[in-house]
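Start at 1 with the first residue, then count along the sequence.
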Amino acid sequence: MERIINKLLYLLIILSIFSCSDQTGDPLRFGVTGLTQNFDPRFATDAASERTNHLLHCSLVRFDQQRKPTPGIARWEQLTPTSYLFHIDSNVTFWNGDAVTAADVVATYASILDEKNASPHTSTLSLIESVTALDQQTVEFILNRSDALFPSYLVIGILPAHLIESQHPFHSQPVGCGNFSLVESDQSRTIIEQRYSSRELELIRVQDSQYTCAETAQG
């Protein structure tokens with residue numbers, strides 16, 4: 001039930017951004033019962049972190065309103081029961097303007113599959129035998145067994161390869177390629193900003209949340 005509520009909140013946030021954004025220059029404010037504990041999508045497991053990370057990070061695959069896997073930043077083709085090619089959109093960038101490439105995808109999934117990193121997603125993705133960059137925009141996944149649900153497992157946010165290598169603290173200093181970027185976060189609130197409109201969204205920790213445009217527009 002908690003996950004369903006958080007999914008509904010996520011959709012409400014998106015709808016409010018577009019329906020209320022022209023009413024005031026003030027941040028949209030939402031009361032939430034929990035704030036993000038970890039901004040690193042490779043390790044976050046709590047519902048609040050999942051909700052915010054979906055806004056901050058982009059992924060190869062996303063779910064539509066019917067919870068069916070659909071292309072996120074990449075379209076895919078299945079070559080054999082155990083091999084897939086993912087073709088990354090060429091216009092996707094991280095917050096600093098760097099293009100998201102196949103190398104970033106490989107680095108993200110390789111770090112998850114590395115057991116010494118203890119990612120909670122390692123078990124689910126253990127069917128991946130290899131992940132290889134064929135060129136700047138193409139990634140090949142080879143599986144050790146067939147699984148018709150495989151594309152739906154690739155909803156984890158992609159991170160910059162060079163920052164993974166340098167062990168950047170993504171958990172507190174995220175670097176994403178989603179439609180929102182982090183402005184600031186502490187124990188009482190998280191503020192994120194829509195990348196192309198500079199409209200801010202403020203998530204405030206409260207006991208009993210109410211989510212309406214009228215309330216969020218108040219200063």
Side-chain angles (χ1 to χ4, degrees), residues 1-17 27-65 67-69 72-73 94-95 105 107-126 128 149 151-160 163-164 167-195 200-211 216:
M1 179 61 69
E2 181 181 0
R3 283 188 173 273
I4 293 176
I5 292 173
N6 278 285
K7 292 296 183 184
L8 290 174
L9 174 58
Y10 171 75
L11 291 174
L12 184 56
I13 287 173
I14 297 301
L15 290 174
S16 297
I17 290 287
L28 292 174
R29 296 183 174 90
F30 288 86
V32 295
T33 56
L35 292 173
T36 302
Q37 299 178 25
N38 192 334
F39 290 107
D40 190 331
R42 300 171 300 169
F43 300 102
T45 57
D46 64 284
S49 297
E50 180 182 88
R51 179 182 63 230
T52 306
N53 285 336
H54 276 309
L55 299 173
L56 301 180
H57 300 282
C58 59
S59 55
L60 294 178
V61 178
R62 61 181 179 84
F63 291 118
D64 62 19
Q65 293 183 356
R67 296 297 295 169
K68 295 181 179 179
I73 64 167
F94 291 107
W95 300 340
V105 175
T108 298
Y109 281 94
S111 68
I112 293 171
L113 294 171
D114 188 339
E115 293 185 355
K116 74 173 184 292
N117 291 329
S119 167
H121 305 293
T122 302
S123 177
T124 300
L125 296 173
S126 63
I128 298 176
L149 298 177
S152 67
Y153 303 153
L154 304 183
V155 294
I156 298 170
I158 304 303
L159 303 174
L163 292 182
I164 292 176
Q167 299 184 344
H168 178 84
F170 292 106
H171 66 283
S172 60
Q173 301 174 33
V175 178
C177 48
N179 290 327
F180 290 80
S181 59
L182 180 68
V183 177
E184 62 178 276
S185 183
D186 55 34
Q187 294 184 349
S188 63
R189 66 176 184 170
T190 295
I191 301 177
I192 59 178
E193 180 181 77
Q194 198 172 25
R195 290 177 67 185
E200 289 188 350
L201 168 65
E202 184 175 359
L203 304 177
I204 305 170
R205 185 192 296 276
V206 296
Q207 293 298 319
D208 185 16
S209 305
Q210 297 292 325
Y211 316 107
T216 58

Of the non-hydrogen atoms in [X] and [Y], which two are nearest, and what is the gap between them?
X      : Y      : result
Thr52  : Leu203 : OG1-CD1, 3.9 Å
Val61  : Pro151 : CG2-O, 3.3 Å
Ser111 : Asn117 : O-ND2, 2.8 Å
Leu154 : Ser59  : O-CB, 4.0 Å

Do [X] and [Y] have side-chain heavy atoms sitting under 4.5 Å apart?
X      : Y      : value
Ile204 : Val32  : no
Leu159 : Pro41  : yes
Phe39  : Ser172 : no
Leu56  : Trp95  : yes
Phe43  : Ser49  : no
Ile164 : Arg42  : yes
Ile112 : Ile128 : no

Worksheet entry | Backbone of Gln173 reached by a side-chain donor or acceptor of His168 within 3.5 Å |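 Checking the backbone N and O of Gln173 against the side chain of His168, a donor-acceptor pair under 3.5 Å is found.
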To the nearest 0.5 Å, how far apart are [atom1] in [X] and [atom2] in [Y]?
X      : Y      : atom1 : atom2 : result
Tyr153 : Leu125 : OH    : CG    : 9.0 Å
Thr36  : Glu50  : OG1   : CD    : 10.5 Å
Ile158 : Leu60  : CD1   : CG    : 4.5 Å

Worksheet entry | salt bridge (charged side-chain N to carboxylate O under 4.0 Å, His left out) partners of residues 170-181, not counting sequence neighbours, each pair once |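 The answer is none; no pair qualifies.
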Contacts table for residues 175-188: side-chain donor-acceptor under 3.5 angstrom, sequence neighbours left out:
from, atom 1, to, atom 2, distance (Å)
Glu184, OE1, Arg189, NH2, 3.1
Ser185, OG, Thr190, OG1, 2.9
Asp186, OD1, Ser188, N, 2.8
Asp186, OD1, Ser188, OG, 2.9
Asp186, OD1, Arg189, N, 2.9

Worksheet entry | ring-ring contact (aromatic ring centres under 6.0 Å, His included) involving Tyr109 - partner list, sequence neighbours excluded |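 Tyr109 satisfies ring-ring contact (aromatic ring centres under 6.0 Å, His included) with Phe141 only.
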Practice prompt. Start with the C-alpha gap between Ile191 and Leu201, add the side-chain angles, then the distance that decides, and say whether side chain to side chain contact (heavy atoms under 4.5 Å, CB included) holds.
Written response: CA-CA 6 Å; Ile191 301 177; Leu201 168 65; over 6 Å; no
